[in-house]
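Read the structure below first, then the notes.
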2 protein chains.
Amino acid sequence: MAKRRKVGNLMALAVLSALVQQPMHPYQMASVLREHGKDQNMKIKWGSLYTVVQNLEKHGLVEAGESVRQGGRPERTVYRITDAGRAELTDWVRELLSTPEHEQSRFTAALSVLAVLSPGEAADLLAQRLTALEKALAARRTALAEAAREVPRLFLVEEEYELAVAEAEIGFVRGLLGELTSGTFPGLADWQVFSETGVVPPELAELMERGLHPQ
Amino acid sequence: MAKRRKVGNLMALAVLSALVQQPMHPYQMASVLREHGKDQNMKIKWGSLYTVVQNLEKHGLVEAGESVRQGGRPERTVYRITDAGRAELTDWVRELLSTPEHEQSRFTAALSVLAVLSPGEAADLLAQRLTALEKALAARRTALAEAAREVPRLFLVEEEYELAVAEAEIGFVRGLLGELTSGTFPGLADWQVFSETGVVPPELAELMERGLHPQ
DNA sequence: ATGCGTATACTCGCTCACGAGTAGTCAAGG
DNA sequence: CCTTGACTACTCGTGAGCGAGTATACGCAT
């Protein structure tokens, strides 16, 4: 049911999880998250960080402790998590973990308008993607193996998950690309004709009239 | 390098691709998209739709034609795509297709704070997710098979992709769940102790001091 | 005729995310 | 001892995104 969270931004989750370990000021949260490699997946957005912390405070999920001034630096407010914050954190994780939700990826969007390109060009671009994906996967795999020598698995599962998904994407792209280059993709000829001449094959034209209606 | 698009919202891509077929007014775009099953993946947000169309117009990617009034209904402005719009569409698809980009999923976020739960509870929740995922996958598979009897593959690749990714997620969750329930997950005992008593095992405590720093 | 539900076709105003800017501090180099 | 560049620590304005509301029209039953 995905109940509306008081603070919906996923960065709030990261902030809460950082504050569970120890009280901190916002800038330190950023460093801690960065050290955990969270910035790999989720670029740290400064604007959001401070807004999120404020919102968390407004809803009583964190509270400001003493504000320390060290050196001539601007005063830093140290925040700590409240009981309500801890409750929100666990409840939120429970929800995120148990109930899958539909997320729209940019690649999905691209595939859904694939027909605007010619099959040849589509194949070229997919080939580019494939090599990029493979390179990235290899790099992340070695980085993970590296990290695994120090850090327990528990803190690396999210990366394992992402790698699993990345592998699936590679498999899909490779498959599709194979069909395109070998010519076994069904309807490839029609697609080719359409992209060259703009002529829609008759059985398709009929479909478009009444709207192609999956499901 | 993922150049900034004039109109960055992915809904703009859908709008452009709809207008390539024929000129329409915004509400009709929504119906067309819905008929294409685009709303399955991407809920139609009314607020965005009209803003996006306006922005597209502002940047010369679409242009308003005559505004038709039929019956006593509010006047509908019919938009058509411009040459610049067509160029933007293909260029955008090219980019989306060729260059993978890191997207942060909610499940990844959840996994990255998995440690706040006890292993037992994590296993329960993952089991819930697993059944939900399997049910959804089965439904989507039959829906796809159904659609495939009418609609050419070309217009279903995005759904195939999503199913492939969904399968990978299921595989991952099943694997992780298996390790948790069978007790073969490395460090499970430490995790259990920590979740019950809050005591961090010594070799881990040391890590947290200097920051666990993957890569 | 009249009421009611549903489809059409938007509009408005709030919230939230974020990038780019700012301003002080420190360390090192010339 | 002065400059330069990197780091610390935030602030603020902009603008995108969206949900909820609105208003009219049509069809169908009563």
Side-chain angles (χ1 to χ4, degrees), chain A residues 2-15 18 23-35 39 42-59 61 64-79 102-104 106 109 211, chain B residues 1-15 18 23-35 39 42-59 61 64-79 103-104 106 109 211:
Chain A
K3 82 167 86 144
R4 310 211 80 61
R5 297 282 155 192
K6 274 72 230 66
V7 185
N9 196 332
L10 275 187
M11 177 157 275
L13 191 77
V15 165
M24 300 180 211
H25 54 97
Y27 193 86
Q28 194 182 352
M29 297 172 200
S31 335
V32 167
L33 294 217
R34 193 174 306 135
E35 237 141 59
D39 64 324
M42 176 211 278
K43 294 226 153 310
I44 286 164
K45 293 135 192 197
W46 291 105
S48 305
L49 176 59
Y50 286 86
T51 324
V52 156
V53 171
Q54 266 174 55
N55 289 350
L56 287 172
E57 189 183 14
K58 194 168 65 190
H59 290 95
L61 303 177
E66 68 309 2
S67 37
V68 185
R69 159 184 303 276
Q70 82 170 353
R73 305 258 186 72
E75 182 167 281
R76 304 168 312 176
T77 310
V78 175
Y79 292 88
H102 234 318
E103 283 162 284
Q104 158 83 325
R106 330 196 93 229
Chain B
M1 295 248 121
K3 83 169 82 141
R4 310 213 80 60
R5 296 282 154 193
K6 277 70 232 64
V7 184
N9 195 333
L10 275 189
M11 177 157 277
L13 190 77
V15 166
M24 299 180 213
H25 54 97
Y27 193 88
Q28 193 183 353
M29 297 172 200
S31 333
V32 167
L33 294 221
R34 193 173 307 136
E35 237 142 60
D39 65 323
M42 176 210 278
K43 295 225 153 309
I44 286 163
K45 292 131 194 199
W46 290 105
S48 305
L49 176 58
Y50 286 86
T51 324
V52 156
V53 171
Q54 266 174 57
N55 288 351
L56 287 172
E57 187 182 15
K58 194 169 66 191
H59 290 96
L61 303 177
E66 70 304 6
S67 34
V68 183
R69 159 184 302 276
Q70 82 169 354
R73 304 259 186 70
E75 183 168 281
R76 306 166 311 179
T77 311
V78 175
Y79 292 88
E103 283 162 284
Q104 157 84 325
R106 331 197 91 229

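Scope of the values below: all heavy atoms of this structure, side chains included, with no hydrogens, waters or symmetry mates. Quantities reported herein were computed from a predicted structural model and do not represent experimental measurements. First the proteins, then the strands, lettered A, B, ... as listed; each starts at 1.
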B:Thr51: side chain to side chain contact (heavy atoms under 4.5 Å, CB included) partners, not counting sequence neighbours: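 By the side chain to side chain contact (heavy atoms under 4.5 Å, CB included) rule, B:Thr51 matches B:Asn55.
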Partners meeting side chain to side chain contact (heavy atoms under 4.5 Å, CB included) with B:Ala18 (sequence neighbours left out):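 Once residues adjacent in sequence are excluded, the partners of B:Ala18 under the side chain to side chain contact (heavy atoms under 4.5 Å, CB included) criterion are B:Met24, B:Leu33.
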Separation of atom CD in A:Gln54 from atom C1' in D:dC12, rounded to whole Å: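 Rounding to the nearest Å, CD of A:Gln54 and C1' of D:dC12 are 11 Å apart.
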Rounded distance in Å - CZ (A:Arg34) to C1' (D:dT8):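 Computing the A:Arg34:CZ to D:dT8:C1' distance gives 11 Å.
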Protein-to-nucleotide contact annotation, 5' to 3' order, nucleotides 12-19 of chain C [B base; S sugar-phosphate only; - none; under 4.0 Å, heavy atom]: -----SBB
Min side-chain heavy-atom separation A:Pro23-A:Tyr79 under 4.5 Å: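 A side-chain contact under 4.5 Å is absent here.
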Test item: A:Lys6 and A:Leu56 side chains (from C-beta on) under 4.5 Å apart, heavy atoms: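 Not touching, per the 4.5 Å side-chain cut-off.
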A:Tyr27 vs D:dC10: side-chain N/O to OP1/OP2 distance below 4.0 Å: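 Checking D:dC10 against A:Tyr27, no side-chain N or O comes under 4.0 Å of OP1 or OP2.
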Side-chain N,O (A:His25) to OP1/OP2 (D:dT8) below 4.0 Å: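 Answer is no, no contact under 4.0 Å.
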Residue from A:Val15, A:Leu13, A:Val7 passing side-chain contact (heavy atoms from CB on, under 4.5 Å) with A:Met11: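 For A:Met11, the side-chain contact (heavy atoms from CB on, under 4.5 Å) check succeeds only for A:Val15.
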Donor-acceptor under 3.5 Å (B:Ser48 side chain, B:Ile44 main chain):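 Answer holds: no.
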